[in-house]
Amino acid sequence: MDATPVAVQAQTPILGAGVMALLRGQPAVDIVLVEQWQDADVLVVVHDRLRISDLRELREKMPEFTKPIVLVVQELRESQLLGAVEWGVRAVVPMAQATGDRLIRTITAVAAGAGEIPAKLIGPLLDQVHTLHDAVLRPNGLTSSGLTPREINVLTLIADGKDTTEVAQALWYSERTVKNIIQGMISRLNLRNRAHAVAYAARAGVI
């Protein structure tokens with residue numbers, strides 16, 4: 001199995017040196033300099049007490065870095081969970097549990113597309129998602145995918161191979177309404193075309 005390229009960004013040099021010492025020499029990872037973050041598949045962020053603004057500033061410094069983040073942290077408030085996920089965190093490792101083996105397992109899992117957070121934080125995270133849905137998405141007619149039920153219906157029919165006329169007939173809409181729905185969705189979500197919109201909905205698991 002190929003080693004996973006990993007960069008480490010730490011709040012202080014001491015914290016960074018500690019994590020680097022745990023990872024150095026491990027065959028499952030290949031450490032790259034944080035200045036060469038473009039070459040990393042996983043970014044390990046090490047903070048004592050994290051502020052969400054720290055993650056936002058980090059992403060602004062690395063605007064093209066879309067790979068997952070493993071957060072090693074001493075203290076993370078429950079209210080910060082959703083914000084951390086929004087800014088790319090896919091795994092949280094409490095600093096007291098950050099052994100070499102634990103970090104390697106987490107990095108490998110995240111690189112493969114998995115996520116990992118402490119069990120005690122799962123409930124609060126789900127509560128925040130529920131609150132977001134009820135307070136923001138539902139009042140604006142959106143689902144968690146960012147699509148409205150009407151848009152999902154249109155995309156489902158397009159994915160089945162139907163053209164604009166057939167979609168309009170199936171949903172009892174005018175063709176102009178169908179075109180407006182599609183164009184509004186493409187513009188709002190910054191998609192390229194209908195095929196991209198169908199792929200977006202499929203990845204979101206709504207069609």
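- The side-chain heavy atoms of V178 and L171, taken from C-beta on, include no pair separated by under 4.5 Å.
- Between the CD1 atom of I152 and the CG atom of L157 there is a distance of 12.0 Å, given to the nearest 0.5 Å.
- For L22, the side-chain contact (heavy atoms from CB on, under 4.5 Å) partners two or more places apart in sequence, or in a different chain, are L103.
- For R105, there are no salt bridge (Lys or Arg N to Asp or Glu O under 4.0 Å) partners two or more places apart in sequence or in a different chain.
- In this structure, the separation between CG on L71 and OG1 on T106 is 11.5 Å, given to the nearest 0.5 Å.
- Within the 4.5 Å cutoff, side-chain heavy atoms of L23 are placed close to those of I107.
- We find the CD1-CG distance between I181 and L147 to be 11.5 Å, quoted to the nearest 0.5 Å.
- Two residues are said to be in side-chain contact when any heavy atoms from C-beta on lie closer than 4.5 Å; V154 and E151 fail this criterion.
- Y200 pairs with exactly one of I186, I207, L189, L155 by the side-chain contact (heavy atoms from CB on, under 4.5 Å) rule, that one being L189.
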Please set out all donor-acceptor pairs under 3.5 angstrom arising from side-chain atoms of residues 88-101, sequence neighbours excluded.
residue, atom, partner, partner atom, Å
R90, NH1, V85, O, 3.1
Q97, OE1, R102, NH1, 2.8
T99, OG1, R102, N, 3.2

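- A distance of 10.5 Å separates OG1 in T4 from NZ in K67, rounded to the nearest 0.5 Å.
- Scanning for side-chain contact (heavy atoms from CB on, under 4.5 Å) contacts around L33 gives E35, Q36, with sequence neighbours left out.
- Scored by the side-chain hydrogen bond (donor to acceptor under 3.5 Å, both in side chains) test, T165 finds E175 as partners (sequence neighbours excluded).
- Residue pairs meeting the side chain to side chain donor-acceptor pair (under 3.5 Å) criterion with at least one member in residues 189-198, sequence neighbours excluded: T164-R194.
- The minimum heavy-atom distance between M185 and A197, with the atom names listed, is CE-CB, 4.3 Å.
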